[in-house]
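One structure is given below, encoded as structure tokens.
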Amino acid sequence: MPELPEVETFIRELAPELNGRRITRARVFWPGVIAFPTDEEFVTAIAGARFDRFERRGKYMLFGLDDPRTLIVHLRMTGKLQLAPAAGPPAKHEHVILDLDDGRNLHYQDPRKFGRFWLTPTPETVLAKLGPEPLGPDFTPAYLIDKLAGRKAPIKALLLDQRIVAGIGNIYADETLYRAHVHPARPAGNLRADEVARLHAAAQDVLQVAIERCGSSLGRSNLQNYIRPGGEQGGFQEEHNVFRKTGQPCPHCGHPIERMVIAQRSSHYCPVCQPDTR
DNA sequence: ATAAGGCCCTGACCGC
DNA sequence: TGCGGTCAGGGCCTTA
């Protein structure tokens, strides 16, 4: 599932390919994917625009056009952008195709149909509720201590809350908690300051290395698997310690990794290295 | 304000 | 082999 490192990889790898390219035609095969404006308006309005800016905010991709507008894409669970030579009819689960002026197509595929596109001159309205970037200057230990203070929700749930910090999903929340030796179910407000500081550092370390490894490719099927825009896999799954490793030995102590559900999400942790001190 | 649960989606997987 | 039930989960919504 695409989280911050995967989305960052998409942007980094698409930017040099798309920069300066003009969209000659847009096709939408499932209207629900266009969150704003309507799908018909989207198709008309984006034709002729040229890509010239590329950013990421949390798990959102921002494609700036050569006018005040920005194309925003969120892949949610199973969305994929792939750059390929123009082909014939749309593949299965293909919801958007942008024809480029170099003869290639930008394909959007999403089996679960959770991902969304926005075309807007005011991207801040889409991104308004997001917390700070976890690798940016506003995400400090003091900030995190303040945001968690008094909260009774499990720390895992708050790491997933994009209003607190933007870009962490289920994979990197579990890996962060493991690295910080914090049990996922502990009430966030009960964490000591040094534990929150460890979480802050662990989140930054995990995300930084995951970006260097171009994200995590895993999943039970090719459909769900995260694939980079040119078709290559990421590499960080080889460095996962706990995520989807239930029953396998903890890399540190050897105790079997356990699984529990928190905030309706699977959580994987080592009960020895991440003691439950609730 | 916070916490918890439901919803959207569909392919994979499991048990019979 | 076929079939029904369950699971996966990001963001948004409703409820308490």
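Heavy-atom basis, side chains included; hydrogens, waters and symmetry copies ignored. Within every chain, numbering begins at 1; the chains are lettered A, B, ... in the order of the sequence lines, protein sequences first and strands thereafter.
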If I take atom [atom1] in residue [X] and atom [atom2] in nucleotide [N], what distance separates them, rounded to the nearest angstrom?
X	N	atom1	atom2	answer
A/I262	B/dA4	CD1	P	11 Å
A/R116	B/dC8	CZ	P	12 Å
A/D110	C/dG10	CG	P	13 Å
A/Q264	B/dA4	CD	C1'	7 Å
A/F117	C/dG10	CZ	P	19 Å
A/M77	B/dC7	CE	P	18 Å
A/M1	C/dA8	CE	C1'	8 Å
A/D146	B/dA1	CG	C1'	14 Å

Checking contacts here: which listed nucleotide ([options]) is nearest the side-chain heavy atoms of [X]?
X	options	value
A/R151	B/dA3, C/dA8, B/dC9	B/dA3
A/K113	B/dG11, C/dG9, B/dT10	B/dT10
A/W30	C/dG9, B/dC9, C/dG11	B/dC9
A/P154	B/dA4, C/dA8, C/dG10	B/dA4
A/R112	B/dA3, C/dA8, C/dG10	C/dA8

Is it the case that the side chains of A/T78 and A/Y226 hold a donor-acceptor pair, with the cut-off being a distance below 3.5 Å and no angle test?
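Absent: no donor and acceptor within the cut-off.
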Can a side-chain donor-acceptor contact be found between A/S266 and A/R259 if the only test is distance below 3.5 angstrom?
yes
Hey, does A/P132 have a side-chain heavy atom less than 4.5 Å from the side chain of A/Y143? yes
In this structure, CG of A/L106 is separated from CZ of A/R21 (nearest 0.5 Å) by 12.5 Å
- When rounded to the nearest 0.5 angstrom, what is the spacing between CG in A/N105 and CZ in A/R25?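 That separation rounds to 8.0 Å.
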Does any N or O donor sit under 3.5 Å from an N or O acceptor when you compare the side chain of A/R265 with the base of C/dA8? no
Determine whether the aromatic ring centres of residues A/Y172 and A/F236 are separated by less than 6.0 angstrom.
yes
Exercise for the section: Give a yes or no on whether the ring-centroid distance for A/Y108 and A/F117 is below 6.0 angstrom. Expected result: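 Close enough - the centres of the two rings lie under 6.0 Å apart.
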Below 4.0 Å: OP1/OP2 of [N] and any side-chain N or O of [X]:
X	N	value
A/K152	B/dT2	no
A/S266	C/dG9	yes
A/H93	B/dC9	no

> Which class fits the ring pair A/H74 and A/Y60: parallel under 30°, tilted 30 to 60°, perpendicular over 60°?
Replying inline: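 Plane angle over 60°, so perpendicular.
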Anything under 30° is parallel, anything over 60° is perpendicular, the rest tilted; go ahead and classify A/H95 against A/W30.
tilted
Within residues 156-175 of chain A, the residues having a heavy atom closer than 4.0 Å to DNA chain C are A/Q162, A/N170
Bend of the helix from B/dT2-C/dA16 to B/dC16-C/dG2 from end-axis comparison, five pairs per end, nearest 10°, comes to 50°
Exercise. When the nearest nucleotide of DNA chain C is assigned to A/K129 and to A/F243 on a heavy-atom basis, which residue is associated with the more 5' position?
Worked result: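 On the 5' side of the pair lies A/F243.
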Self-check item: Aro-ring/base stack A/F114-C/dG11, d under 5.5 Å, angle under 30°
Solution: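 Given the distance and angle limits, no, they do not stack.
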- Item | Listed once per pair and sorted, the salt bridge (Lys or Arg N to Asp or Glu O under 4.0 Å) pairs that draw on residues 133-145 of chain A, sequence neighbours left out |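 For residues 133-145 of chain A: A/R56-A/E133, A/R57-A/E133.
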